[in-house]
Amino acid sequence: MPQYTPPVRDTRFVLDHVVKLNNYTNLPSFAAATPDTVDAVLEEGGRFVAEVLFPLNQSGDQEGCTRHPDGTVTTPKGFKDAYAKFVESGWGTLSAPEAFGGQDMPHVVATAFQEFMVSSNMAFAMYPGLAHGAISALRVKGSPEQQQTYLPKLVSGEWLGTMNLTEPQCGTDLGLIKTKAEPQADGSYSITGTKIFISAGEHDLTENIIHLVLAKTPGAPDSSKGISLFVVPKILINADGSLGERNAVSCGSIEHKMGIHGNATCVMNYDGAKGWLVGEEMKGLAAMFIMMNAARLGVGLQGLAVGETAYQNAVQYAGDRRQGRALTGPAEPAEKADVLFVHPDVRRMLMHAKAWTEGLRALCLWGGLQVDLEDHAETEEERQAASDLIGLLTPVIKGVGTDKGYEIATNAQQVYGGHGYIQEWGMEQYVRDARIAMIYEGTNGVQAMDLVGRKLAMNGGRAMQAFFAMVAGECAAAKGDAATADFAGRLEKALGEMQAATMWFMGNIANPNNIGAGAVPYMHLTGLVAVGLMWLRMAKAAAELKAAGEGDAAFLDAKLVTARFFAERMLPEAGSLRRQIEGGADAVMALPPEMFRAA
């Protein structure tokens, strides 16, 4: 049976030494994040997910969600009770605004808890996770009346929310949507259309579900410029706040999916459902992007979180399973075979997982800090700098985080050998669950094109230049310290490869296919450097603590060894990625479509 232990110590290390929470106690939003409070969130939150949510992960996957003839949906056994405990404990309110019933903790602290929750049960975590996106969109674009109507219930968890974008004929190309919104005399709109792949579209966890729906009003341009955003409750709300009659929105079916079976991914039918415009007409895509950007950071975290659980189980298995002998001779002569840990290739896969999970954890938490600083830093300059960095790195966190999370899960499955392919051991579920994260909220190819097609040149390249300067400055400083000089030199070289690749892109603007063909390698090159920066910071902190005789020496030694592994085995990939980019699009685009088909 699988197991999971929340990585509380490693998370605390990152919050203390990479995020450096103590540097922001002067900001109002960080006032609640005292060391004792953060420790309590990590310890108690970790205990909650391990004891309440993780035991439902495998059973929830095997049972799945059930749609009944009347269109209602029930979640797997135990989910409803677990959700009630989640709401009662207030875990969903951590970073929500105090004005609507939240605890107003920094986003970065909520991100730490969110990782634990996804690791324990990704399908369950998606239900409240989507509500956070709805809260973000309504906070920014909702009218005061909409905020008062919906936000308190969404923040408390009494209601949950969804985002309805995709339709049968369109995925990423939202200009193709056909859902219509007809204005009504009372100021509402009649919403008609079909949406697919709607996570948590119908369920039994809450008495109401608040759908945010993209649709086009009469006469709107038949393109993305004609999209508006509407709030459509499952149950209509009376003037006094009580629930009224059922709205004309229903679950037509549950998608038959590869994974995340515990989450109800629905086909949603809107048959003249009553909805209300959010923000301005034909400005819906901008409003929805508030929700989508929050979701993309959350999806990147999903990659890390599922990879972490798969890695933990692979470590456990490698320490128990006996197969073969060490290449240098029997490690335990009294036994008939040595444990898997003696084999270099098994170690390679486990070190790869450790280096990427710990590095991605630091990047996700540091990204969470940028979200906080974007809203709450003291000066406009600081807020703009944080906004630039998180805007630049959001597609990287999503794309690289999920690609690596899936790779880690498949490597963990590989450690198990044949048992990894058998359901009872649980590894195949992590592979299946991790796979969707590379697809939704914009496939990773779309994330890469967002990076190179939009973010790279935005504001004259201001964000990327700031990123380059940050990495270069920290490398230069670290090269003066013997403990970090080698890592800094290797990271500096990887940065040079990234800068050269960026210049190559600038020289190939006239050939957009060259940009498109190199987008994914460039995204991974950016992710390699970004995670490399996190490892430089962690190595520096570990070396300083060890020199001062502080902290757990074994933990700090492990950090330094893992940083060395990342430097020696991961950072050299920068050169290969650059050369893939500079290979251009000629060979990619040369074959006519018919040559891809079998004779």
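All heavy atoms count here, side chains included; hydrogens, waters and symmetry mates do not.
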Set out, in order, the CA-CA distance, both residues' side-chain angles and the distance that settles side-chain contact (heavy atoms from CB on, under 4.5 Å) for Leu369 and Leu373, then state yes or no. CA-CA 6 Å; Leu369 173 67; Leu373 296 180; 4.0 Å; yes

Kindly compute the distance separating CE (Met427) from CZ (Arg432), expressed to the nearest 0.5 Å. 11.5 Å

Dump the intermediate steps for salt bridge (Lys or Arg N to Asp or Glu O under 4.0 Å) on Glu594 and Arg597, then the final yes or no. CA-CA 5 Å; Glu594 59 268 19; Arg597 299 183 176 93; 5.0 Å; no

Would you say Arg12 and Val38 make side-chain contact, with heavy atoms under 4.5 Å? yes

CE/Met458: more than 12 non-hydrogen atoms of other groups inside 6.0 Å: yes

Can you check side-chain contact (heavy atoms from CB on, under 4.5 Å) on Lys354 and Phe565, steps first, answer last? CA-CA 10 Å; Lys354 181 175 176 63; Phe565 176 87; over 6 Å; no

Salt bridge (Lys or Arg N to Asp or Glu O under 4.0 Å) partners for Arg579, two or more places apart: Glu497

Would you kindly say whether Glu374 and Gln370 are connected by a side-chain donor-acceptor distance under 3.5 Å? no

So, Asp375 versus Ser29: side-chain donor-acceptor pair below 3.5 Å or not? no

Is it the case that Thr217 and Glu281 place a side-chain donor and acceptor less than 3.5 Å from each other? yes

Please report, to 0.1 Å, the donor-acceptor pairs under 3.5 Å made by any side chain of residues 512-534, with sequence neighbours excluded.
{"unit_1": "Asn514", "atom_1": "OD1", "unit_2": "Ala585", "atom_2": "N", "d": "2.8"}
{"unit_1": "Asn514", "atom_1": "ND2", "unit_2": "Asn508", "atom_2": "OD1", "d": "2.8"}
{"unit_1": "Tyr522", "atom_1": "OH", "unit_2": "Thr502", "atom_2": "OG1", "d": "2.6"}
{"unit_1": "His524", "atom_1": "NE2", "unit_2": "Asp403", "atom_2": "OD2", "d": "2.7"}
{"unit_1": "Thr526", "atom_1": "OG1", "unit_2": "Tyr522", "atom_2": "O", "d": "2.9"}

Check Ile408 against Trp356 and note the closest heavy-atom contact, atom names and distance. CD1-CB, 3.9 Å

N/O donor-acceptor pair under 3.5 Å between Lys141 side chain and Ser136 backbone: no

Tell me, please, which residues at least two apart from Arg296 pass salt bridge (Lys or Arg N to Asp or Glu O under 4.0 Å). none

Apply the side chain to side chain contact (heavy atoms under 4.5 Å, CB included) test between Met126 and each candidate in Val118, Ile436, Asn263; give the one that qualifies. Asn263

From CD1 (Ile198) to OG1 (Thr166), nearest 0.5 Å: 6.0 Å

Using a cut-off of 6.0 Å, state whether more than 12 heavy atoms not belonging to Glu407 lie near its atom CD. yes

So, the side chain of Thr111 versus the backbone of Leu365: is there a donor-acceptor pair under 3.5 Å, distance only? no

With Asp557 via salt bridge (Lys or Arg N to Asp or Glu O under 4.0 Å) - residues at least two apart: Lys546

Could you tell me how the ring of Phe487 sits relative to the ring of Phe566: parallel (under 30°), tilted (30 to 60°) or perpendicular (over 60°)? parallel

In this structure, CD of Gln114 is separated from OG of Ser119 (nearest 0.5 Å) by 10.0 Å

Is Arg361 salt-bridged to Asp10, cutoff N-O under 4.0 Å? yes

Do Ser224 and Leu174 have side chains that approach each other closer than 4.5 Å (heavy atoms only, starting at C-beta)? no

Assess whether side-chain contact (heavy atoms from CB on, under 4.5 Å) is satisfied between Phe197 and Ile439, documenting all intermediate values. CA-CA 11 Å; Phe197 306 155; Ile439 297 172; over 6 Å; no

Using a 4.5 Å cut-off on heavy atoms from C-beta on, say whether the side chain of Trp504 contacts that of Arg578. no

Enumerate the residue pairs fulfilling side chain to side chain donor-acceptor pair (under 3.5 Å) with a member in residues 463-472, sequence neighbours excluded, ordered by first and then second residue. none

Is Glu167 salt-bridged to Lys195, cutoff N-O under 4.0 Å? yes

Can you tell if the side chain of Leu214 reaches within under 4.5 Å of the side chain of Leu285, non-hydrogen atoms only? yes

Can you list the residues that meet the side-chain hydrogen bond (donor to acceptor under 3.5 Å, both in side chains) rule with Thr162, with sequence neighbours excluded? Asn164, His211

Measure the shortest side-chain to side-chain distance between Leu165 and Tyr440 over non-hydrogen atoms and say whether it is less than 4.5 angstrom. no

CD on Glu544 to CG on Asp481, rounded to 0.5 Å: 7.0 Å

Hey, does Val213 have a side-chain heavy atom less than 4.5 Å from the side chain of Leu229? no

His376 and His107, any side-chain heavy atoms less than 4.5 Å apart: no

Is it true that atom NZ of Lys257 has more than 12 heavy atoms of other residues, nucleotides or ligands lying nearer than 6.0 Å? yes

Is Met503 close to Gln499 at the side-chain level, that is, under 4.5 Å between some pair of heavy atoms? no

